[in-house]
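What follows is a short report on a single structure.
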Number of protein chains: 2
Amino acid sequence: MARPANPNLQGALIEAGRLEFATKGLAEARIEDITRRAGVSKGAFYLHFESKEAMFEHIARDFVDGLLRVMNCFDSLQTLEPRELVPAILNCDDQVSEYLWEHRPALRIVMEGLPSTACSGLGDQFVGALESYMRATIVRHKETMEVFSPDTDPDVAALLLTGAIVMFCRRIVRSDDKPDFRKSSIALRKILYGGMFRPEVGRALLDALQAQEAHS
Amino acid sequence: MARPANPNLQGALIEAGRLEFATKGLAEARIEDITRRAGVSKGAFYLHFESKEAMFEHIARDFVDGLLRVMNCFDSLQTLEPRELVPAILNCDDQVSEYLWEHRPALRIVMEGLPSTACSGLGDQFVGALESYMRATIVRHKETMEVFSPDTDPDVAALLLTGAIVMFCRRIVRSDDKPDFRKSSIALRKILYGGMFRPEVGRALLDALQAQEAHS
DNA sequence: ACCTGAACACCGTTCAAGT
DNA sequence: ACCTGAACACCGTTCAAGT
């Protein structure tokens with residue numbers, strides 16, 4: 001009962017896997033459901049992937065690679081003045097948000113992560129990739145331009161930005177209809193540019209913090 | 001070969017589960033290893049827990065409850081002036097960090113999350129609990145005190161703070177020796193109080209952002 | 001009542017047999 | 001070469017039998 005060889009079977013399996021994993025998660029998705037969806041037998045799976053996890057990883061990697069490619073749009077922003085820079089930044093935010101929204105099934109998979117890794121839950125490789133990308137970008141910007149406050153710690157800044165993206169991804173994965181990306185983006189930028197407190201409060205807190213820091 | 005009934009068996013099983021889950025994760029940990037560690041047979045597990053996941057959830061809930069209890073230390077800070085407030089805040093930060101560090105095995109478990117939930121990976125219940133706690137706190141503070149900038153969106157602020165904690169937890173879970181909590185805490189507070197850019201740059205970006213916002 | 005451990009169920013993975 | 005599907009392996013879960 002064998003069918004003619006299907007040169008696109010690997011692609012069909014990946015597409016089927018994306019759907020099954022996105023709906024049921026790695027643990028609940030069954031190989032047989034994936035292969036049925038692709039129109040082949042259970043055994044065929046192992047002609048194209050070493051294991052269930054290997055397929056999971058393949059899908060995750062595709063997604064993360066694409067995301068980092070989109071995020072490179074921030075790199076062309078280095079030389080603009082604030083008046084042009086801000087709309088350009090918001091535009092990049094939009095592009096990234098769109099990518100995440102478009103690839104929601106894969107995003108859901110990636111957020112689940114792999115059970116074998118140390119801290120699987122967070123989609124370890126995903127978060128790790130984002131965080132190092134962030135840190136590298138911040139460090140580079142600290143060297144080329146004088147925009148960052150000298151005592152902004154790149155590690156902590158990368159942690160904060162990555163955390164924001166991760167939480168944002170979480171919201172995307174959970175919501176049924178498209179959130180207002182632009183609004184969130186502006187609200188987030190405001191905090192990054194000026195903190196979350198009233199100017200005089202923020203200044204007082206900052207002074208007290210610096211006093212405390214010198215004192216310890 | 002039955003042993004005398006052990007009134008603490010449930011406790012012993014939980015302790016064993018914490019260890020096994022923390023080392024191997026939910027998927028890799030085997031019931032038989034947990035029961036062996038507690039000195040009973042495989043079948044005894046199901047006299048005390050409905051399923052493997054039920055135990056997982058039990059452990060996670062204990063941890064999250066404890067964390068939220070520790071985080072309540074921030075609630076006693078409402079009335080202080082900056083000079084006293086800042087050391088008190090840093091002290092709370094320390095307490096929370098200590099709790100996370102002390103309970104690392106459970107934290108690791110919680111970060112993994114449950115495979116059955118929608119967005120299991122992020123330790124969904126954990127992150128969800130944190131985020132709503134954050135938002136509630138911010139909203140309450142916005143009402144009682146006038147510290148937050150009026151256009152700080154509580155949703156986005158909660159998202160940012162929760163993301164920072166989640167990323168911080170991730171670091172704790174992955175590191176072998178105790179990080180310098182105080183240093184990270186100060187660096188993070190600096191950004192929250194004054195943004196991450198030089199004052200004049202931040203102000204220019206903020207102006208441009210407001211112009212852009214009015215314009216759209 | 002509480003515990004044991006053999007038996008069962010449910011997939012992931014393999015492999016001998018088909019085309 | 002590529003595919004099939006029965007067989008195997010590995011646990012999570014159940015349950016009849018012990019004390």
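Each chain gets a letter, A, B and so on, in the order its sequence line appears, and its residues count up from 1. Just so you know, these numbers use all the heavy atoms, side chains as well, and skip hydrogens, waters and symmetry mates.
- With sequence neighbours excluded, the residues forming a salt bridge (charged side-chain N to carboxylate O under 4.0 Å, His left out) with A:Arg182 are A:Asp94, listed by chain and number.
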Let me have DNA chain C in dot-bracket notation, would you? Count Watson-Crick plus G-U wobble pairs, both distances under 3.5 Å, and use [ ] for pairs crossing earlier ones and | for inter-strand partners. ||.|||||...|||||.||
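- Among A:Leu100, A:Leu188, A:Val173, the single residue meeting the side-chain contact (heavy atoms from CB on, under 4.5 Å) criterion with A:Phe168 is A:Leu100.
- Of the side-chain N and O atoms in B:His48, none sit less than 4.0 angstrom from OP1 or OP2 of C:dC2.
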Donor-acceptor list for residues 60-68 of chain B side chains, cut-off 3.5 Å, not counting sequence neighbours:
none

For every nucleotide of nucleotides 8-15 of chain C, 5' to 3': is a protein heavy atom under 4.0 Å from its base (B), only from its sugar-phosphate (S), or from neither (-)? ---SBBB-
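- The interatomic distance linking A:Leu9 (CG) with D:dC3 (C1') rounds to 9 Å, in whole Å.
- Aromatic ring orientation, A:Phe49 versus A:Phe45: tilted (interplanar angle from 30° to 60°).
- Salt bridge B:Lys190/A:Asp153: absent, no basic N to carboxylate O contact under 4.0 Å.
- Under the rule for a salt bridge (charged side-chain N to carboxylate O under 4.0 Å, His left out), B:Arg171 has no partner lying at least two apart in sequence or in another chain.
- Between A:Lys52 and A:Glu57, no side-chain nitrogen of the basic residue sits less than 4.0 Å from a carboxylate oxygen of the acidic one, so the salt-bridge criterion is not met.
- The side-chain contact (heavy atoms from CB on, under 4.5 Å) test applied to B:Pro105 returns B:Ala22, not counting sequence neighbours.
- The nearest whole Å value for the distance from the CZ atom in A:Arg36 to the P atom in D:dC3 is 18 Å.
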